[in-house]
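Owing to the predicted nature of the structure, the values given are computational and were not obtained by experimental measurement. Nothing fancy with the numbering, it's 1 onward along the sequence.
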Amino acid sequence: MKRQDYLSWDAYFMGVALLSAQRSKDNNTQVGSCIVDPHNKILSMGYNGMPTGCSDDRMPWERKGTPLDTKYLYVCHAELNSILNYSGGSLRGARIYTTLFPCNECTKAIIQAGITEVIYYSDKYADTDSTIAAKRMFDMVGITYRQYQKEEKELVLDL
């Protein structure tokens, strides 16, 4: 008889997104994402960080200050990174697991890429204009989104 306490697909892919977030150099917010096809195959992953070739050591990571001296004009978000990291063709019909609800800019990329479902871990910026706009756009185009429901047994290795 097979084991019954294995991870669900949601727990597995959110675990990959959470692990990807740990690659972020951001000292305040680490975000990871994982894009999966309809057959539960991982297509791409990403995390929030500086664009390729922009030194993590020379770029600003501050949250406050003049715009050019903060991270916001430079950091590539996890969702956009995972879309840009994919080189296999179309993402139509895929779903994305992300540790933080996507901002309005990443939402536009998700829509344009043809991703049809968003599963998110946290929605801590739910009351911001960016998140409200993102949800409006998802609703308008019929992309479903749902908060990940943590399972009792997750990421426990019993080797």
For [X], does the [atom1] atom have more than 12 heavy-atom neighbours from other residues, nucleotides or ligands under 6.0 Å away?
X	atom1	answer
Asp129	CG	no
Met50	CE	yes
Asn28	CG	yes
Arg58	CZ	no

For [Y], is there any backbone N or O sitting under 3.5 Å from a side-chain donor or acceptor partner on [X]?
X	Y	result
Thr99	Gly32	yes
Ser122	Leu100	no
Ser33	Ala78	yes
Gln4	Lys2	yes
Ser20	Val16	yes
Asn85	Ser44	no
Ser24	Ala21	no

Quick check: closest heavy atoms across [X] and [Y], and the distance to 0.1 Å?
X	Y	answer
Pro60	Leu68	CG-O, 4.0 Å
Lys150	Tyr121	CD-OH, 4.5 Å
Asp123	Gln147	N-NE2, 4.3 Å
Pro102	Glu79	CA-OE2, 3.7 Å
Cys76	Asn81	SG-OD1, 3.4 Å
Arg92	Gln112	NH2-O, 4.0 Å

Q. Is there any ring pair (Phe, Tyr, Trp, His ring centres under 6.0 Å) pair reaching into residues 51-98, and which pairs are they, with sequence neighbours excluded?
A.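 Output for this query lists Phe13-Tyr97.
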Would you give the length of the straight line joining atom [atom1] of [X] to atom [atom2] of [Y], rounded to the nearest 0.5 angstrom?
X	Y	atom1	atom2	result
Lys71	Met59	NZ	CE	13.0 Å
Ile83	Cys106	CD1	SG	7.0 Å
Asp127	Ile132	CG	CD1	6.5 Å
Thr107	Lys135	OG1	NZ	10.0 Å

Answer with yes or no whether the side chains of Asp69 and Thr66 bring together a donor and an acceptor at under 3.5 Å.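 Their side chains do contain a donor-acceptor pair, which is all the 3.5 Å distance test asks for.
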Among the clusters formed by ILVMFWY side chains lying less than 4.5 Å apart, do [X] and [Y] turn up in the same one?
X	Y	value
Trp9	Val118	no
Phe101	Ile111	yes
Leu18	Val36	yes
Ile115	Ile42	no
Ile110	Leu80	no

Do [X] and [Y] come close enough that some side-chain heavy atom pair is under 4.5 Å?
X	Y	answer
Met137	Met140	no
Ile119	Met14	yes
Arg95	Leu43	no

Exercise for the section: Give me the ring orientation class for Tyr145 and Tyr120: parallel if the planes are under 30° apart, tilted from 30 to 60°, perpendicular past 60°. Expected result: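 Tilted.
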If you apply the rule side-chain contact (heavy atoms from CB on, under 4.5 Å), what do you find for Thr29 with Tyr125, and how did you get there? CA-CA 12 Å; Thr29 305; Tyr125 299 112; 4.2 Å; yes
